[in-house]
Structure formats: C-alpha cells, structure tokens
Amino acid sequence: MDPIQVLGLKDLRSEGQVKDENTAGQLLVKNTHAEERYVRGMSKTAKKHYINRKDCPVKNHFLGLPKWSREDAVKAFDTYLWSQHQKDAIEKPLKDWFNARVKELMAGHNLDLIDDIDCVKGNDDSHGFTLKNYIEYLAKEIY
C-alpha cells in the first residue's frame, strides 16, 4: 500500500499485505492478521484531498477545453507543472498546497488524492498521479 493513492469518487483505498518502500523513503508494513504496523508512524486513516474541485489550487484547469480528451488534459497538466517547477515559477497557492501535503506525508499521514471521476483506472485518467509524483519528489528533496 502506497501512502499516497490516487482515487476516483467510488474507489476505495487499497488494502492488503504490503512490505514496500515508496519514493519518499517510507517503509510500510501491514500484517495479514488483525493488527497493522506502519513503520515511521504512518497513520491508519488517510487525509482526503479532492483535487478537481473548483476551489482547489491544484485543479486540472486543462479539463473541459474544446477538442481535448481527458488524457490530453492530464498530459498537459503534467507538462505544465514540471515546466513551472523547472522555471521556479510555481504560484504561491500551489506551492502552499504542495508544502502542506509534504508536511502531512512526513508527519506520517496517508494521503488520498480524490478526482471527480467515478474510478481511476490508470495514469491517463487523473492528474492526481502528477500530484503524487511531485509530492514524493518534494518529500525526497527535503529529507
């Protein structure tokens, strides 16, 4: 189980036997018995963040453009975010949102990045994967 999961409105956080290290360097262990153990203090409940709501600073503003598929909008967001990072031009509301997520992750919280679609089937379905990768990148840079 990854501490950051990208979900749709009907998706559930995946559970199961896990012994894995994510890119932020946190080791997660879950027993098949009733007890759970998270190394480095990972929480049992996840903080939910709805990433495509109109008031969310990391909303994919490429969605809904004429003649753009969802896949095109997700790719455009990915290109936009990483190019803004390269230029050190990420706007303050986005920076603040990302810094808050990194702090939550480093404090041991799981994060659910929830998109406004029913189910996320792959990387092309949601810009949440770009957000996840960027949060993990920032967490790795800090620690």
Side-chain angles (χ1 to χ4, degrees), residues 1-32 36-143:
M1 173 173 42
D2 197 332
I4 304 175
Q5 291 189 14
V6 180
L7 306 170
L9 295 173
K10 294 183 179 179
D11 289 329
L12 300 175
R13 176 170 266 280
S14 62
E15 300 289 338
Q17 165 104 15
V18 175
K19 187 173 183 180
D20 195 9
E21 187 173 2
N22 72 356
T23 56
Q26 294 151 323
L27 184 65
L28 302 156
V29 179
K30 181 176 179 184
N31 294 337
T32 53
E36 294 178 340
R37 185 172 62 111
Y38 294 87
V39 178
R40 290 197 188 169
M42 295 308 292
S43 66
K44 293 181 182 180
T45 58
K47 291 194 175 248
K48 297 179 187 288
H49 299 283
Y50 293 87
I51 58 172
N52 243 350
R53 300 287 165 90
K54 66 180 177 181
D55 59 341
C56 182
V58 294
K59 178 183 187 323
N60 187 346
H61 52 274
F62 295 101
L63 283 173
L65 293 178
K67 299 183 182 179
W68 282 50
S69 69
R70 184 168 191 83
E71 183 178 323
D72 292 337
V74 168
K75 287 179 183 174
F77 183 87
D78 186 76
T79 301
Y80 165 77
L81 179 65
W82 289 102
S83 68
Q84 292 299 98
H85 171 79
Q86 290 289 326
K87 297 180 210 172
D88 196 24
I90 294 180
E91 297 170 6
K92 184 171 175 16
L94 273 72
K95 267 188 188 176
D96 293 346
W97 190 91
F98 282 118
N99 288 336
R101 301 303 74 82
V102 170
K103 285 180 185 174
E104 290 171 351
L105 182 65
M106 300 285 69
H109 297 283
N110 291 319
L111 305 176
D112 287 349
L113 305 178
I114 303 170
D115 206 334
D116 283 345
I117 57 177
D118 285 345
C119 297
V120 175
K121 297 180 178 108
N123 291 358
D124 294 338
D125 290 342
S126 175
H127 74 296
F129 291 99
T130 298
L131 301 177
K132 174 188 183 310
N133 291 336
Y134 194 66
I135 293 166
E136 290 174 342
Y137 169 82
L138 292 174
K140 217 173 181 184
E141 289 294 305
I142 293 169
Y143 293 95

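In this chain, residues are counted from 1 in sequence order. Heavy atoms only: backbone and side chains are in, while hydrogens, waters and symmetry mates are out.
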Please assess Lys75 against Glu71 for the test salt bridge (charged side-chain N to carboxylate O under 4.0 Å, His left out), listing each intermediate value before the final yes or no. CA-CA 6 Å; Lys75 287 179 183 174; Glu71 183 178 323; 3.0 Å; yes

Would you mind reporting whether Ile135 and Val102 have side-chain heavy atoms less than 4.5 Å apart? yes

Value rounded to 0.5 Å, distance of CD1 in Ile90 from CD in Gln84: 7.0 Å

As an exercise, state the distance from CG of Asn133 to CG of Leu138, rounded to the nearest 0.5 Å. 11.0 Å

What is the ring orientation for Tyr137 with Tyr134, classed by angle as parallel under 30°, tilted 30 to 60°, or perpendicular over 60°? parallel

Taking all non-hydrogen atoms of both residues into account, name the closest pair between Pro3 and Leu105 and its distance. CB-CD1, 3.9 Å

Heavy-atom side-chain proximity of Ser69 to Asp72 below 4.5 angstrom: yes

Ring centroid separation His127 to Phe62 under 6.0 Å: no

Flag side-chain contact, heavy atom, 4.5 Å: Asn110 against Gln5: no

Would you mind reporting whether Arg101 and Trp97 have side-chain heavy atoms less than 4.5 Å apart? yes

Picking from Leu113, Ile51, Leu81, what satisfies side-chain contact (heavy atoms from CB on, under 4.5 Å) with Thr130? Leu81

Less than 4.5 Å apart, any side-chain heavy atom of Val58 and any of Leu94? yes

Could you check whether Arg53 pairs with Asp116 (Lys NZ or Arg NE/NH1/NH2 to Asp/Glu carboxylate O, under 4.0 Å)? yes

Any side-chain heavy atom of Leu131 within less than 4.5 Å of one from His49? no

Calculate, to the nearest 0.5 Å, the distance between atoms CD1 and CZ belonging to Ile4 and Phe129 respectively. 11.5 Å

Compare every heavy atom of Lys59 with every heavy atom of Phe77, then report the nearest pair and how far apart it is. CE1-O, 3.9 Å

Would you please test Arg70 and Leu63 for side chain to side chain contact (heavy atoms under 4.5 Å, CB included) and show each step? CA-CA 6 Å; Arg70 184 168 191 83; Leu63 283 173; 3.5 Å; yes

In the structure I gave you, are the side-chain heavy atoms of Val6 and Asp115 within less than 4.5 Å of one another anywhere? no

Leu7 backbone acceptor or donor facing Asp112 side chain under 3.5 Å: no

Tell me whether Asn60 contacts the main-chain N or O of Asn52 through its side chain, where contact means a donor paired with an acceptor under 3.5 Å. no

Atom CG in Asn99, atom CE in Met106: separation rounded to 0.5 Å? 12.5 Å

